[in-house]
Amino acid sequence: MTLEEVVGSNSTEKKMETVSQALEELLVAAQRQDCLTVGVYESAKLMNVDPDSVVLCVLATDEEDQDDIALQIHFTLLQAFCCDNDINILRVSGVRRLAQLLEEDTEDQNGNEPRDLHCILVTNPPVQPLQCQALQDVGSFCEESRCRNQWVPCLELQDR
């Protein structure tokens, strides 16, 4: 391995860590401002009604979800819709970390299923726009990825 490869991989690792932190900050801020839509079906409904309000689509899976054909089909359709409507997309692994961030219980007190965290939309309402550096950082990362022909960049969220 050359020095350039070592330095380059370290730089890429730092960039991914920075973007992961920005994504976490963005999701928490958006949740506080009621700018999150959680769930595959809920997200599809919102994008059908008001695609212009959506600024980011987060598709989350873990290894156990890779064989879920229905989920992968939903992801393919959501990705196509996002590309057609210029909506930034991120694929992330770490559904458990998302649950921690959004303070989701694995089950509620009544034993009901938890919310579906496989798809999360961040919206930016025109009345009171979401203004945070994290949104700009994540958006820049998505744009840089598209310039490198990586249309759906992937991040790994680390459990803490």
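All of these numbers come straight from a predicted model, not from anything done at the bench.
For the atom pair H118 NE2 and D65 CG, the distance stands at 3.5 Å (nearest 0.5 Å). The distance from the CD atom of Q33 to the SG atom of C132 is 7.5 Å, given to the nearest 0.5 Å. In this structure, OG1 in T18 is found 12.5 Å from CG in L23, a value given to the nearest 0.5 Å. Distance check: L117 CG to L27 CG gives 10.0 Å after rounding to the nearest 0.5 Å. Atoms OG and CD, on S20 and E25 in that order, are 11.0 Å from each other to the nearest 0.5 Å. With rounding to the nearest 0.5 angstrom, the CG atom of L155 is 11.5 Å from the CD atom of E17.
In this structure, I73 belongs to a hydrophobic cluster whose other members, linked by side-chain heavy atoms under 4.5 Å apart, are I69, L77.
Residues K45 and T37 are not in side-chain contact: their nearest non-hydrogen atoms beyond the backbone lie 4.5 Å or more apart. With a 4.5 Å cut-off on side-chain heavy atoms, T123 and L46 count as touching. Counting heavy atoms from C-beta on, the side chains of Q79 and W151 never come closer than 4.5 Å. The side-chain heavy atoms of D137 and F141, taken from C-beta on, include no pair separated by under 4.5 Å. Looking at M47 and N85, their side chains never come closer than 4.5 Å, going by heavy atoms from C-beta outward. By the 4.5 Å heavy-atom criterion applied to side chains, N88 and E143 are not counted as neighbours. Counting heavy atoms from C-beta on, the side chains of C83 and I89 come closer than 4.5 Å.
Under the 4.5 Å side-chain heavy-atom criterion for ILVMFWY residues, a single connected hydrophobic cluster contains both L71 and L121. Linking ILVMFWY residues whenever their side-chain heavy atoms come closer than 4.5 Å, directly or via other members, places V19 and V122 in the same cluster. Follow the hydrophobic side-chain contacts under 4.5 Å out from L98 and you reach V138 in the same cluster. L135 and V38 fall within the same hydrophobic cluster, where Ile, Leu, Val, Met, Phe, Trp and Tyr residues are linked whenever their side-chain heavy atoms come under 4.5 Å apart, directly or through other members. Hydrophobic clustering (ILVMFWY, side-chain heavy atoms < 4.5 Å, transitive): L102 and V40 are in distinct clusters.
Counting only distance, with no hydrogens or angles, the side chain of S43 and the backbone of I120 share no donor-acceptor pair below 3.5 Å.
Residues A134 and A22 approach most closely at CB-O, 3.2 Å, considering heavy atoms.
Within the structure, salt bridge (charged side-chain N to carboxylate O under 4.0 Å, His left out) contacts touching residues 92-102 (residues at least two apart or in different chains) are E24-R97, R96-D159. The list of ring pair (Phe, Tyr, Trp, His ring centres under 6.0 Å) pairs with a residue in residues 76-96, not counting sequence neighbours, is empty. The ring pair (Phe, Tyr, Trp, His ring centres under 6.0 Å) pairs that include a residue from residues 36-69 are Y41-H74, where partners are two or more places apart or lie in different chains.
Not counting sequence neighbours, R91 has no partner by the salt bridge (Lys or Arg N to Asp or Glu O under 4.0 Å) test.
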Atom pairs and distances, side-chain donor-acceptor, residues 52-63, under 3.5 Å, sequence neighbours left out:
{"unit_1": "S53", "atom_1": "OG", "unit_2": "D50", "atom_2": "O", "d": "3.0"}
{"unit_1": "S53", "atom_1": "OG", "unit_2": "D50", "atom_2": "OD2", "d": "3.2"}
{"unit_1": "T61", "atom_1": "OG1", "unit_2": "Q66", "atom_2": "NE2", "d": "3.3"}
{"unit_1": "D62", "atom_1": "OD1", "unit_2": "G94", "atom_2": "N", "d": "2.8"}
{"unit_1": "D62", "atom_1": "OD1", "unit_2": "V95", "atom_2": "N", "d": "3.3"}
{"unit_1": "D62", "atom_1": "OD2", "unit_2": "V95", "atom_2": "N", "d": "3.3"}

